[in-house]
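Encoded as structure tokens, the structure appears first; notes follow it.
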Amino acid sequence: MSTQTVGVKATERRAGRPGIADRRLWRYGGRWLVPVAILLLWQALHMILGAADVAAPGRTGVVLADYLGEWWPDLIVTVRSLAISFAVAAGIGVVGGFLLGLSEFWYRVVSPLLVVAYAVPKIVLYPVILMALGLSEEARIVFSLIHGVFPIMLLTATATTTIPQIRLRVADSYRLSLAQRLRLVVLPSIAPTVVASLRIGFGACFLGLILAEMFAAYNGLGFLITGYAVDSTTERLLALVLLITLLAFLVTYTIRLWEEGRARRLGLTNVIAG
Amino acid sequence: MSGGGTARRETTARLGIVVALVAGYELAARSGVLDRQVFRPISLALADAGGLLAQKNFWDEHLLTTLLEIVAALVLGTLAGFAAGVGLWRSRLVDEAVQPWLLLVYSVPIFALYPIFIAVLGGGTAPVVAVGVLASAPAVAINTAIGFRTTRPVLVSVARAYGLGTAGLIRQVYLPSAWPHVFSGMRLASSYSIVAVVGTEFLLSTNGLGHEIAYSYNNFETTRMYAVIAIVLVIAIGVVLGLGAVEKRLHRKDA
């Protein structure tokens, strides 16, 4: 994950670019090119490889609608596990990261360890968690949250250490109380990065949860995937993947819209990559 | 910047934390505070790992397969990601179309796609590598675009004044200037491809280190399982630390 924030003045970036009308069209029309391209590619693969290997997009949509009722209990289980694991990861990550970021020294000491913890394939530890907690929803939740907690903590700590000194000095000169300082200076300063960290952490939690469900579980969407992987057709499999993808996009895109809205208000094109 | 003394104290403190964590786990696992049936001391896991590494067929069947898949995924992912990154920088249309989605790629559990890759690409290493490429390319693309975009305009003007064309500009100005960013992308991509390859092997593959862990778990061979876990973690941590050190040097020279 790159913690780099590239802030380019929107005006600079647009210099020498097409007129306003074109820009709008690209901004709001352009971003639909990728989903359309994926649908076309999907359809092309279906026509080249045949319905057995790749079910058609339209058919997959129909199957998804048909099976949604049957899959509903598993969907609920997955969403519930995800909500719990993400809430715990976000709580520990944001509070821990904030406390860590208060000390420059400890931030420098601990952040490289968090980078390693984030980058290591945690899947290898799932058997250990299973042996300790049994084949349970708790095991899946614990496994899922260790995916999300490290990026959230790392980015929150980075945001806290990099609050511009000048803002803290302004707070000093206004003699703000601790509560006012937090509410008016600290929180607004770290909010964008914390929100980005939650977006990245959510993806990590979801990935961990689906992995856990796919490997060893008795319910949940990931469990259904492994069941359908041996089907003679791919339509139920693709419908499930579509459902999982839509679920991931729904949450991430909502967070992203908040980030973009804020960036536009401030005249920045803010990209926190991850 | 911190002085030499602070840097040394930081390293000492970091080492202290790592030693405390490792020693704490080791003691808890040896003394039986942690369930002996479940948790194996790190020292024993590492010793068993050494034993596995002495077997030739372990290399042939599992270790080399996994390493090859990781490298293949990283190389292909880097090439694809670099091309996409240059595209993002060159074309406003590509940028507007792709940028919002690039950030969302990592929110989708890509392992869910693995059964589809098997259906399309067949068994063996190809679908594993495909998942690895998908995991590593976006990181390279995002960072390549950042690197190209933050190239100092004065360098470009000078090169133009000397009559360099687009290809020459990319090779002689943008690439050297953007290289630290591209490398940062590759460092991320290497971690992502390790995670993707080992994870994919773990789920449904029939060989490789990931599969070996899952297989040992399913057959209650806890000793072997811990040995392979140790090997994977040592490789992953080694790659992160090694590339991280190179990256730090690159960015320092850059500054």
Side-chain angles (χ1 to χ4, degrees), chain A residues 1-2 4 6 8 17-18 26-27 30-31 33-34 45 49 53-54 105-106 108-110 112-113 115-116 119-121 123-125 127-128 130-132 199-200 202-204 206-207 209-211 214-215 222 225-226 228-229 234 237-238 240-241 244-245 248-249 251-253 256 271 273-274, chain B residues 2 6 9-10 13-14 17-18 35 37-39 92-93 96-104 106-113 115-116 118-120 139 142-143 146 149-150 184-185 188 191 194-195 198-199 202-204 210 213-214 216-217 222 225 228-229 232-233 236-237 239-241 244:
Chain A
M1 161 192 32
S2 161
Q4 210 131 22
V6 178
V8 186
R17 301 292 194 182
W26 278 2
R27 170 147 300 202
R31 64 173 49 182
L33 284 175
V34 168
L45 276 175
L49 296 166
D53 278 348
V54 181
F105 176 76
W106 285 109
R108 284 169 171 278
V109 169
V110 177
L113 300 176
V115 170
V116 172
V120 151
I123 180 76
V124 299
L125 298 177
V128 177
L130 278 174
M131 279 160 44
R199 169 167 57 73
I200 293 163
F202 172 82
F206 200 14
L207 181 93
L209 182 64
I210 294 293
L211 262 178
M214 282 176 83
F215 180 68
I225 285 191
T226 17
Y228 293 139
T234 49
L237 184 66
L238 280 167
L240 266 175
V241 172
I244 290 172
T245 307
F249 271 12
V251 176
T252 320
Y253 200 74
R256 190 76 202 129
V271 179
Chain B
S2 55
T6 325
R9 272 197 296 142
E10 281 163 9
R14 193 178 307 129
I17 292 176
V18 173
D35 188 347
Q37 303 280 310
V38 177
F39 296 98
R92 176 162 183 83
L93 179 63
E96 291 286 3
V98 177
Q99 187 71 37
W101 302 104
L102 262 186
L103 293 169
L104 299 186
Y106 290 118
S107 70
V108 179
I110 43 165
F111 295 100
L113 300 174
I116 299 169
I118 295 183
V120 176
I142 292 171
N143 282 282
I146 291 175
R149 239 174 240 144
T150 50
S184 298
L188 289 169
S191 291
I194 292 176
V195 170
V198 174
F202 191 88
L203 288 174
L204 291 160
I213 295 170
S216 310
Y217 165 75
T222 313
M225 185 187 89
V228 185
I229 291 177
V232 171
L233 290 182
I237 294 173
V239 168
V240 178
L241 294 182

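Proteins come first, then strands; the chains are lettered A, B, ... in the order of their sequence lines, and each starts at number 1.
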What option among A:Leu211, A:Val120, A:Leu130 has the most heavy-atom pairs under 4.5 Å with chain B? A:Leu211
Counting only non-hydrogen atoms closer than 4.5 Å, does B:Ile110 touch chain A with its backbone (N, CA, C, O), its side chain (CB onward), both, or neither? both
Interchain contact, B:Val239 with chain A, by part (heavy-atom threshold 4.5 Å): neither
Choice from A:Leu125, A:Val251, A:Thr234, A:Leu237 maximising heavy atom contacts with chain B below 4.5 Å: A:Leu237
Using heavy-atom distances under 4.5 Å, tell me whether B:Tyr217 contacts chain A through its side chain, its backbone, both, or neither. side chain
Report the option among A:Leu33, A:Leu113, A:Thr226 that has the most heavy-atom pairs separated by less than 4.5 Å from atoms of chain B. A:Leu113
Name the residue from A:Ile123, A:Leu207, A:Ile210 that meets the side chain to side chain contact (heavy atoms under 4.5 Å, CB included) definition with B:Phe111. A:Leu207
Specify which of A:Val54, A:Asp53, A:Leu209, A:Leu45 makes the most heavy-atom pairs with chain B at under 4.5 Å. A:Asp53
Heavy-atom closest pair (B:Met225 atom, A:Val128 atom, distance to 0.1 Å) is CE-CG2, 4.0 Å
Nearest non-hydrogen partners of B:Gln37 and A:Met131, listed with the distance: O-CE, 3.8 Å
Note: vs chain A, highest number of non-hydrogen pairs under 4.5 angstrom among B:Ile194, B:Asp35, B:Ile17 is B:Ile17
Report the distance from atom CG of B:Leu113 to atom CD1 of A:Ile225, rounding to the nearest 0.5 Å. 8.0 Å
Largest heavy-atom contact set with chain A, pairs under 4.5 Å, which of B:Thr222, B:Val198, B:Val195: B:Val195
Please classify the contact between B:Ala139 and chain A as side chain, backbone, both or neither, with a heavy-atom cut-off of under 4.5 Å. neither
Shortest non-hydrogen contact from B:Ile213 toward A:Pro127: CG2-CG, 3.9 Å
Proximal component of A:Tyr253, with respect to chain B [non-hydrogen, under 4.5 Å]: both
CD1/B:Ile116 to CG/A:Leu238 distance, rounded to the nearest 0.5 angstrom? 4.0 Å
Look at the aromatic rings of A:Phe249 and B:Trp101 and report parallel, tilted or perpendicular, splitting at 30° and 60°. tilted
Is chain A contacted by the side chain of B:Val240, its backbone, both, or neither, given a heavy-atom distance below 4.5 Å? side chain
Mind checking the OG-CZ spacing from B:Ser107 to A:Phe202? Nearest 0.5 Å is all I need. 7.5 Å
Shortest non-hydrogen contact between B:Val232 and A:Pro121, atoms and distance: CG1-CG, 3.8 Å
Quick check: closest heavy atoms across B:Ala112 and A:Ile244, and the distance to 0.1 Å? CB-CD1, 4.5 Å
